A.B. asks: 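Okay, handing you the structure first.
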Amino acid sequence: DAGVTQSPTHLIKTRGQQVTLRCSPKSGHDTVSWYQQALGQGPQFIFQYYEEEERQRGNFPDRFSGHQFPNYSSELNVNALLLGDSALYLCASSFWESGAFFGQGTRLTVV
Amino acid sequence: GEDVEQSLFLSVREGDSSVINCTYTDSSSTYLYWYKQEPGAGLQLLTYIFSNMDMKQDQRLTVLLNKKDKHLSLRIADTQTGDSAIYFCAETVNDYKLSFGAGTTVTVRA
């Protein structure tokens with residue numbers, strides 16, 4: 001079992017651009033959540049997907065959007081990138097009450 | 001993270017026990033978690049406890065929950081250099097979003 005895998009591992013983008021991050025959940029998991037972790041802080045919840053629908057959303061602007069596919073994998077899209085979007089983006093997958101398992105993250109740098 | 005608070009730093013000697021403390025505010029929390037993050041890495045799930053339990057032991061890890069005071073602690077027995085990392089406490093209601101603390105940086109000295 002490969003666990004939760006995220007791609008790419010690192011990314012550099014320019015202000016105003018758009019970015020797509022990808023996540024494959026752990027085998028057997030059907031729920032995917034995305035978190036943003038700024039340097040020196042704890043992860044902040046962006047949103048959660050279950051059955052291809054956004055089930056819950058954190059306090060993030062509409063520039064952040066996502067999608068879940070029938071195979072449970074997920075994408076996070078961020079439009080009109082700002083310098084403040086630079087962070088580690090973490091994907092977590094879970095199934096029922098198994099606990100959330102995290103991937104290694106995508107380090108996004110906006111210049 | 002303002003719903004979950006942790007002390008920021010802990011220094012411990014190799015072989016001693018480490019105790020990391022956390023307080024949370026949401027009395028409806030159903031699960032409480034401890035995660036470990038090493039430099040440049042994602043979060044590793046260490047252990048979790050249901051809110052109707054007061055203790056859970058898993059090898060060198062012991063979790064204590066005081067639901068009345070909304071206080072959670074993680075004890076690591078026989079702390080090793082490989083235990084140096086940032087430890088995050090997190091809580092959830094109904095297994096949806098996780099709310100994290102700011103993390104406790106644990107440094108193990110020889």
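What you are looking at is a predicted structure, and each value in this text was computed from that prediction instead of being measured. All chains are named by letter (A, B, ...) in the order of the sequence lines, taking the proteins before the strands, and each is independently numbered beginning at 1. The figures that follow rest on heavy atoms only: side chains count, while hydrogens, waters and symmetry mates do not.
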A.B. asks: Is the count of non-hydrogen atoms from other residues, nucleotides or ligands lying under 6.0 Å from A/Ile12 atom CD1 greater than 12?
C.D. replies: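 Atom CD1 in A/Ile12 is not packed in, count stays at 12 or less.
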
A.B. asks: Please indicate whether A/Leu83 has more than 12 foreign heavy atoms, meaning atoms of other residues, nucleotides or ligands, lying under 6.0 Å from its CG.
C.D. replies: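 Yes - once you tally the heavy atoms of other residues, nucleotides and ligands closer than 6.0 Å, there are more than 12.
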
A.B. asks: What part of A/Gln104 lies closer than 4.5 angstrom to a heavy atom of chain B: side chain, backbone, both or neither?
C.D. replies: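 Contact with chain B is through both the backbone and side chain of A/Gln104.
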
A.B. asks: Does CZ in A/Arg57 sit with more than 12 non-hydrogen atoms of other residues, nucleotides or ligands closer than 6.0 Å?
C.D. replies: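 Enclosed.
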
A.B. asks: Checking the side chain of A/Gln56 only, and the main-chain atoms of B/Lys97 only, is there a donor and an acceptor separated by less than 3.5 Å?
C.D. replies: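 Such a contact is found between A/Gln56 side chain and B/Lys97 backbone.
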
A.B. asks: Roughly how far apart are A/Gln48 CD and B/Leu98 CG, rounded to 0.5 Å?
C.D. replies: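 Here the rounded value is 8.5 Å.
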
A.B. asks: Other residues, nucleotides and ligands only: do more than 12 of their heavy atoms fall within 6.0 Å of OH on A/Tyr72?
C.D. replies: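 12 or below, so no.
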
A.B. asks: Walk me through it: do B/Phe100 and A/Tyr35 pass the test side chain to side chain contact (heavy atoms under 4.5 Å, CB included)?
C.D. replies: CA-CA 10 Å; B/Phe100 285 87; A/Tyr35 291 81; 3.8 Å; yes

A.B. asks: Check this for me: B/Asn52, atom CG, are more than 12 non-hydrogen atoms of other residues, nucleotides or ligands nearer than 6.0 Å?
C.D. replies: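 Yes.
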
A.B. asks: Working to the nearest 0.5 angstrom, can you tell me the gap between A/Phe102 CZ and B/Phe88 CZ?
C.D. replies: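 Spacing of CZ (A/Phe102) from CZ (B/Phe88) equals 10.0 Å.
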
A.B. asks: Output the residues of residues 40-51 of chain B for which the shortest heavy-atom distance to chain A is under 4.5 Å, in residue-number order; output 'none' if no such residue exists.
C.D. replies: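 Interface residues of residues 40-51 of chain B: B/Ala41, B/Gly42, B/Leu43, B/Leu45, B/Tyr48, B/Phe50.
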
A.B. asks: Measure A/Tyr50 against the heavy atoms of chain B and call it side chain, backbone, both or neither at under 4.5 Å.
C.D. replies: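 It is neither, since no heavy atom gets under 4.5 Å.
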
A.B. asks: Taking side-chain hydrogen bond (donor to acceptor under 3.5 Å, both in side chains) as the definition, give me every residue that meets it alongside A/Ser73, ordered by chain and number, with sequence neighbours left out.
C.D. replies: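 With sequence neighbours excluded, A/Ser73 shows a side-chain hydrogen bond (donor to acceptor under 3.5 Å, both in side chains) to A/Asn71, given in chain and number order.
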
A.B. asks: Is the CZ atom of A/Arg63 crowded by more than 12 outside heavy atoms at less than 6.0 Å?
C.D. replies: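 Yes, the 6.0 Å shell around CZ holds more than 12 heavy atoms from other groups.
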
A.B. asks: Check each atom of A/Ile46 against the heavy atoms of chain B and say whether the ones under 4.5 Å are side chain, backbone, both or neither.
C.D. replies: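 Neither part.
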
A.B. asks: Can you list every pair that meets side chain to side chain donor-acceptor pair (under 3.5 Å) and has a residue in residues 71-89 of chain B, with sequence neighbours left out?
C.D. replies: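 Residue pairs passing side chain to side chain donor-acceptor pair (under 3.5 Å), neighbours aside: B/Ser17-B/Arg75, B/Ser18-B/Thr79, B/Asn21-B/His71, B/Arg60-B/Asp83, B/Asp78-B/Gln80.
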
A.B. asks: Who are the side-chain hydrogen bond (donor to acceptor under 3.5 Å, both in side chains) partners of B/Gln37, not counting sequence neighbours?
C.D. replies: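 B/Gln37: side-chain hydrogen bond (donor to acceptor under 3.5 Å, both in side chains) contacts with A/Gln37.
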
